[in-house]
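Just below is one structure, and these are the notes that go with it.
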Amino acid sequence: MACKKRVIPGFSLSLGVTVIYLGLIIMIPLAALFLKAAGVGPAEWWEILTTRRVLQAAKLTFGASAAAAMVSVVLGLLVTWVLVRYEFPGKRLLDGMVDLPFALPTAVAGITLTQIYAPNGWIGIHLEKLGIQAAYNSLGVFIALTFIGFPFVVRTVQPVMEDLGKDIEEAAATLGADRWTVFWRVILPMLTPALVTGFALAFARAIGEYGSVIFISGNLPMKTEILPLLIVSQLEQFKYGAASVIAAAMLTVSFLLLLLINLLQRRMDWQHR
Amino acid sequence: MSISIQSLRKSFGSYTALDDLSLEVPDGSLTALLGPSGSGKTTLLRIVAGLEFADPGSGRIAFHGEDVSAIPAGKRGVGFVFQHYALFRHMTVAQNIAFGLSVAPRSSRLQAEEIRRRVMELLKLVKLDGLEGRRPHELSGGQRQRVALARALAIRPKVLLLDEPFGALDAQVRKDLRRWLRVFHDEIGLTTLFVTHDQEEALELADQVVVMRNARIEQVGNPQTVYDQPRTPFVYEFLGNVNKLGFGNDTRYVRPHEIEVLFAAEFDPSTDSLAQVHHLFSAGPVATLTAKLHDGQFLDIELSRRQLAELSLSVGDEVAVRPLVAERVR
Amino acid sequence: MNPRSPITESRAVRFVLITGAIFVLTLFLLLPLFAVFAEALRRGWEVFFAALEDDAAQSAIRLTLLAAGISVPLNTVFGISAAWLITKFRFKGRALLLSLIDLPFAVSPVIAGLVWVLLFGAKGWFGPWLAERDIEIIFALPGIILATVFVTFPFVARELIPLMDSQGNDQEEAAVTLGASGWNIFWRVTLPNIKWGLLYGILLCNARAMGEFGAVSVVSGHIRGETNTLPLHVEVLYNEYQFSAAFACATLLALLALVTLGLKGLIERWSGHSSTGN
């Protein structure tokens, strides 16, 4: 079927523009990255990826991202619940502000969070008294990633919660379930796919996050250095090969994770249909 | 302008939507494509309009003998009314109706003044004068339907195609608009093809009814013919209520109003069967009686309320039932 | 007092939950926002304005506007084209294309910068070729634009695709049967129906383009007064311990975020667009 007829015009034009642009801006550059990484050779991959510095950075990046995404889910669920279910003064303003971390440039978020959580900062000073060091520590990385992540959870769960019919809860109530049971057994299972999506989005974003983290983390190699920063420092030493290998590994892991979560979610969606 | 469709085939992947289908639509007729959902009727309509294409190498569509299969929808000269009207939401009624005229190539485009005159004429024709400044969301369903019709007619189409024209309307509006469309068609005399799944609509409105099922045409004929002389069991069952009776290998169809009810004393073994009154229902223009035959089969019978009163039956009574016509269909 | 509806919580539970949510939002959103302005003005208005009038700051602002002014229109054209392709036609590879459009969301900004260095950097694939011809891409404006385009690539398309999908193709098909050309269909039928969604997408794309840090940081080279965008200028000032100046410049970016959120709210109200996020 070489030339299939189409009713709405513009197929060839939009196909051409889309594919060429996608190719030039995304596919060729990413292919260049993987080619560069492949050119380094398997023995050296292993060497680069198993240095202690890389392993430590990977541990921090994935660990802090997972923890931040988890906490984002909890905080996001609380915020969404309150924004959807209750009326209180200032609600609309707060609802609009949830998108702030999307809109606020990451560098600004980075320096501001650092200032707040530094040992002499507004919050840092109190944490200091408790013996907790937030900034220049892995806790700081976690705080920054939670700031970046939790709007993803709110914005994914919100439409689903708004669409939950009252009738289902009413049905459960007439069947004698108390409020707590209704929440655990009826509402939460229906929100789970959205919560998983929110987790995945927050997690994926956190793994690659750079601007909001590098100020608060302190960037001590082996201690508070994240993978993206490690890539930058390799690049600054003109170690293109090492930078590409780390980047390619990072991309592969995040693509695989997203794929996995995607499959998981599709399965849950199907169960809840 | 007549429409002639010859051996059309259309498949979506492994699913066959139209299977070697041919049809003649006479000039000036109002033809209904009637069938259940999935029978291929909308696909056929869309292919006639040029919104869908038949499988390569299959079939041919001609308007008044001229092959239009290769002509794109915009140049085919069809007026198409969509099921949900597809009015341009951001335009006024007048702008909607004028759209087809205002996007014509500059060389053949009418003067603005002429376009406005044409729009006013059409508004009057569809009885919407005075509403030209409204937007679609400010109109009722029936009004939107007529705007869609006027918009389709504005380009002076050779044929008019309507997809489920009354599908999205309330019962009462539907009835009014149906009658209005019949009169309207007779006035303008444009060859019209419409899709419906409502047999009552097809029978009341059309000159010619095309009954479709499973990608094929079951029967073509005027309403009288398809109702009285169904060619297949499907047509029998799809058009109106029918009793389906089995006698061994033999299946007989009889419509509820084509059965006479007599006192058991008048029983004539050569034509009648004995039955017991099982249920009576007389709240409505006609009364319905369900009779149970001795072999256990049920028979729905329609009779006038006066007849029922004269028989003065009650549940459990024995009666004789006499089919007036008993069509046997394979 | 009326008995409580069976599907809501007791007053006490409601109070605790609302307070908790307000606490989280205040701590996470309002406090940082407030801190930007407080830090910027800590040493008075004079220092604040001096920081903004500084030559390096002025050049950073100009560069940021220029980079966004080029990348946003490019991605808008792409977004419209991709959304048209994905929503108006069914073809082989459509699902693949759809996921490829989302790909940049899963790529770290740093990697979005790195790929261009690998292609056009001094030791990159085309580096020597470009050096011979005196063409500068990395550590210059073209590199900054390429990095920005990569990072903001999906924004407009992501906003338009679900919108156009939900609107269906009926109106476009109606326009086809009425004889309209492709150009006419787009300008007179499709565009008026998607204008709010398009504006919304452009707004988000622009906010990200102007605020992008990681990707631009990799390709810019941090040449003061030349290749520093505003976020990079903030970084440089901060690392030089000029905190007040850094936060003064950061207020501009925070204002950009607030204006973006404000306009977004307005668009949602005008268009009935629900806040479904990115």
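Lettering of chains follows the sequences in order, A, B, ..., and the numbering in each one begins at 1.
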Would the number of heavy atoms belonging to other residues, nucleotides or ligands and lying under 6.0 Å from [atom1] of [X] be above 12?
| X | atom1 | value |
| --- | --- | --- |
| K239(A) | NZ | no |
| F126(C) | CZ | no |
| W183(C) | CH2 | no |

Taking atom [atom1] of [X] and atom [atom2] of [Y], what is their separation to the nearest 0.5 Å?
| X | Y | atom1 | atom2 | value |
| --- | --- | --- | --- | --- |
| L15(A) | R94(C) | CG | CZ | 13.0 Å |
| L27(C) | L75(A) | CG | CG | 9.5 Å |
| L22(A) | F78(C) | CG | CZ | 5.5 Å |
| L103(C) | F255(A) | CG | CZ | 4.0 Å |
| R85(A) | L17(C) | CZ | CG | 11.5 Å |
| L118(C) | L35(A) | CG | CG | 10.0 Å |

State, yes or no, whether a side-chain contact exists between [X] and [Y] at a heavy-atom distance under 4.5 Å.
| X | Y | result |
| --- | --- | --- |
| V77(C) | Y21(A) | no |
| V13(C) | R179(A) | no |
| E39(C) | I111(A) | no |
| L78(A) | F23(C) | no |
| F102(A) | K264(C) | no |
| F213(C) | V108(A) | no |
| L100(C) | M27(A) | yes |

If you count heavy-atom pairs under 4.5 Å between each of [options] and chain A, which one has the most?
| options | result |
| --- | --- |
| V115(C), L119(C), L85(C), L230(C) | L85(C) |
| E173(C), K88(C), E172(C), K123(C) | K123(C) |
| V234(C), V149(C), I86(C) | V149(C) |
| L97(C), L31(C), V36(C), I185(C) | L31(C) |

Atom of [X], atom of [Y] and distance for their closest heavy-atom approach:
| X | Y | result |
| --- | --- | --- |
| G182(C) | P9(A) | CA-CG, 3.3 Å |
| L33(C) | M97(A) | CD2-CE, 3.6 Å |
| A247(A) | L114(C) | CB-CD2, 3.5 Å |
| F147(A) | P32(C) | CE1-CG, 4.4 Å |
| P228(A) | V110(C) | O-CG1, 3.6 Å |
| A257(C) | A103(A) | CB-O, 3.5 Å |

Pick from [options]: which one has the most heavy-atom pairs with chain C under 4.5 Å?
| options | result |
| --- | --- |
| F238(A), Y240(A), W180(A) | Y240(A) |
| P101(A), S244(A), A204(A) | S244(A) |
| V79(A), I25(A), V154(A) | I25(A) |
| V232(A), I26(A), L251(A) | I26(A) |
| I28(A), L113(A), I116(A) | I116(A) |
| G16(A), G96(A), G110(A), S14(A) | S14(A) |

Which atoms of [X] approach chain C - backbone, side chain, both or neither, heavy atom under 4.5 Å:
| X | answer |
| --- | --- |
| L235(A) | side chain |
| Y86(A) | side chain |
| V98(A) | both |
| W81(A) | side chain |
| F88(A) | side chain |
| A243(A) | both |
| I246(A) | neither |
| S254(A) | side chain |
| I207(A) | neither |
| L100(A) | both |
| F215(A) | side chain |
| L24(A) | backbone |
| V182(A) | neither |

Take L25(C) and F150(A) through the test side-chain contact (heavy atoms from CB on, under 4.5 Å) and record every step on the way to the result.
CA-CA 10 Å; L25(C) 292 175; F150(A) 97 97; 3.9 Å; yes
Side chain, backbone, both or neither: which part of [X] has a heavy atom under 4.5 Å from chain A?
| X | value |
| --- | --- |
| I18(C) | both |
| L29(C) | both |
| A38(C) | side chain |
| N75(C) | both |
| P104(C) | side chain |
| F150(C) | both |
| V107(C) | both |

Assess the residue pair L30(C) and L94(A) against the criterion (side-chain contact (heavy atoms from CB on, under 4.5 Å)); give the C-alpha distance rounded to whole Å, side-chain angles, the decisive distance to 0.1 Å, and a yes or no.
CA-CA 9 Å; L30(C) 299 183; L94(A) 283 181; 4.3 Å; yes
Step by step, would you call Y210(A) with S217(C) a side-chain contact (heavy atoms from CB on, under 4.5 Å)?
CA-CA 10 Å; Y210(A) 179 71; S217(C) 149; 4.2 Å; yes
Assess whether side-chain contact (heavy atoms from CB on, under 4.5 Å) is satisfied between T146(A) and F28(C), documenting all intermediate values.
CA-CA 9 Å; T146(A) 311; F28(C) 259 141; 3.8 Å; yes
